[in-house]
Enquirer: 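If you scroll down you'll find the structure; I have some questions about it.
Here, residue 1 is the first one in the sequence, and each next residue gets the next number.
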Amino acid sequence: MEIRIEKIRKEFDRYPALDEVSLGIRSGELIALLGPSGSGKTTLLRLVAGLERPTTGRIFFGQEDASWKPVQERNVGFVFQHYALFRHMTILDNIAFGLTVRPRDVRPPKEEIRRRALELLDMVQLTGLEKRYPNQLSGGQRQRVALARAMAIEPRVLLLDEPFGALDAKVRKELRKWLREFHDRTGHTTIFVTHDQEEALELADRVVVMSQGKIEQIGSSDDVYDRPNSPFVFSFIGDSVNLPVTVSGGVVNYLGIPVGVSDEHEGEGQFFFRPSDVDLISEGDGISGRVTSHRRLAGTRIIEVDVGTAREPNHVEIEVPLNGAAERGTMVKFRPARWKIFGVE
C-alpha cells in the first residue's frame, strides 16, 4: 500500500506539532520516523493511523483520500511500546482478537480464525505457546505476540510506535534483526517511530529525520549518516564534533590556524566531523590540543582533547587506535578525513 502525506499540519491549542509535512512512502517500504522528543514523529504516526485528525493537509492510502476516515475504516495494524495485550486472554486469543470482534457478516468462521492465529504464531516463532498468558512470556515474546495480533487483521499498513523501547538492549538488538526478516517475508508497508538512531539506521529502507514538527532529511542510512544536510542531522545522528571556523582563500582555519582542509566557500561557518573520521599526524596543518582524559571503547580508544585556548578551553572527543597517544597531558595533532561545513556565506 502506497501512502502519500501532503502538507499535513497538526495543531494542539494552536501550537503546531506538525508544520506542512509532506512524505511519500512506497508500497512495501519500511520507513523509520526518527527524532528527539517533541519532533512530531508520533503525531505523524497517529495521523496515519486515524487516531488524530489533521488541522490541514491530506493523507492518501493509494489513490484513496483517508484524511478523515475513522481508524476502524483504515485497516491499519498498530503495535505499541507497552504491548497492550489482554492479560486475561491466552496468547492465541490475543492474536485472534481483532478477527473475533468483527461484525458477524465479515467475521471469518471460528476454525478459520484459529488457523490464521496459529499460522501467525508460527510466523513470529512462538509455536507451542498458544495456551500461555502474557505474564508467562518474556518482554521480547510479548512484543512478538503484539505484532502477530496487529497482522491478524491483514492490515494494509503496519504502524509501530517505539516498539522496542521497553526492552533491554540485548533483546532490542535481537528483535531488530527479527523484525527486518519478518518485514522482508510479509512485504507490508511499515512505518515505525523511534528515537534510537542505531535502530533506525539498521532497520529502515529510508530514514525520515524530524525536528520541531518538520522533516529535516529523508534518505537511506548511508545518506543521513554520511551525507547529513543540516547541522541538526549531523549532530543528532551519530557522534560529532562541531568547531567554529573561518574559510579564507579556500583555507579552513580554526582559531586562526589552518586545519589542513580546504573549502570552496568563504566566510564563517560550523565545521562538523565524526570522532572516528580523523587521522593523527605529526607534522603539517591540523588541529592541536592536549589530552585531558581517555577511555577504551571495544577495539579503539576515545580521547578527550582540549583544542581551545588558555582563556577559553574547548574539549572534544576523537577516536584513536588502542596504541595511539592517550596519556593525560600529551599533545596531539589530528586532521579530519571527512567533514562538512555549514553556514559559510
Side-chain angles (χ1 to χ4, degrees), residues 1-6 8 10 17-18 21-34 40-55 57-86 94-103 106-108 113 116-117 119-120 123-124 142-165 175 179-180 182-194 199-200 203-208 210 215:
M1 171 62 63
E2 182 184 38
I3 300 173
R4 195 167 76 255
I5 297 164
E6 293 185 351
I8 283 291
K10 178 61 179 178
L18 290 172
V21 168
S22 295
L23 174 65
I25 301 171
R26 296 184 286 269
S27 181
E29 192 172 25
L30 197 161
I31 285 281
L33 303 181
L34 174 66
K41 57 188 186 296
T42 295
T43 300
L44 183 56
L45 192 78
R46 290 175 63 84
L47 283 163
V48 174
L51 298 172
E52 300 283 354
R53 298 291 178 86
T55 304
R58 298 192 296 175
I59 298 174
F60 290 87
F61 282 16
Q63 299 302 313
E64 177 187 12
D65 189 344
S67 309
W68 296 96
K69 281 186 174 292
V71 61
Q72 58 268 27
E73 293 182 16
R74 297 195 186 199
N75 193 23
V76 298
F78 210 113
V79 180
F80 298 91
Q81 177 177 341
H82 295 289
Y83 326 124
L85 299 178
F86 300 113
N94 262 283
I95 294 173
F97 179 76
L99 295 173
T100 58
V101 297
R102 280 182 173 175
V106 293
R107 186 191 311 156
I113 292 175
R116 196 179 301 179
E119 188 177 88
L120 281 164
M123 190 176 290
V124 298
R142 288 198 293 269
Q143 195 59 288
R144 291 189 193 188
V145 174
L147 184 58
R149 184 177 64 180
M151 295 291 293
I153 63 170
E154 298 180 336
R156 296 190 291 176
V157 180
L158 185 60
L159 307 175
L160 303 97
D161 187 9
E162 300 275 7
F164 310 136
L175 279 185
L179 179 60
R180 182 69 238 193
F182 182 84
H183 174 268
D184 290 342
R185 286 203 310 271
T186 60
H188 278 73
T189 303
T190 304
I191 308 172
F192 76 98
V193 161
T194 182
E199 189 169 281
L203 264 175
D205 296 317
R206 286 190 300 157
V207 179
V208 180
M210 300 186 67
I215 292 176

Enquirer: Salt bridge between Arg4 and Glu2, side-chain N to carboxylate O under 4.0 Å?
Expert: no
Enquirer: Using only atom types and a distance under 3.5 Å, with no angle test, would you say the side chain of Arg74 pairs donor to acceptor with the backbone of Val48?
Expert: yes
Enquirer: Does the side chain of Val157 come within less than 4.5 Å of Pro155's, by heavy atoms?
Expert: no
Enquirer: Looking at side-chain heavy atoms only, is the closest gap between Thr189 and Ile3 below 4.5 Å?
Expert: yes
Enquirer: Is Asp161 salt-bridged to Lys41, going by a charged N under 4.0 Å from an acidic O?
Expert: no
Enquirer: Side-chain contact test, heavy atoms from C-beta onward, threshold under 4.5 Å: evaluate it for Val79 versus Leu159 and give yes or no.
Expert: no
Enquirer: I need the Leu30 CG to Phe192 CZ distance, nearest 0.5 Å.
Expert: 6.0 Å
Enquirer: Out of His183, Met1, Met151, which residue meets the side chain to side chain contact (heavy atoms under 4.5 Å, CB included) rule with Leu158?
Expert: Met151
Enquirer: Are any side-chain N or O atoms of Lys10 and backbone N or O atoms of Leu47, one a donor and one an acceptor, separated by less than 3.5 Å?
Expert: no
Enquirer: Within a reach of under 6.0 Å around CD of Gln63, are more than 12 heavy atoms found that belong to other residues, nucleotides or ligands?
Expert: no
Enquirer: Give, for atom OG1 of Thr43 and atom CG of Leu51, the distance between the pair rounded to the nearest 0.5 Å.
Expert: 11.0 Å
Enquirer: Decide whether Glu199 and Thr194 meet the rule of one side-chain donor and one side-chain acceptor closer than 3.5 Å.
Expert: yes
Enquirer: Return the OG1 to CG distance between Thr190 and Leu203, rounded to the nearest 0.5 Å.
Expert: 10.0 Å
Enquirer: Applying side-chain hydrogen bond (donor to acceptor under 3.5 Å, both in side chains), name anything that partners Arg26, two or more places apart in sequence or on another chain.
Expert: Glu29
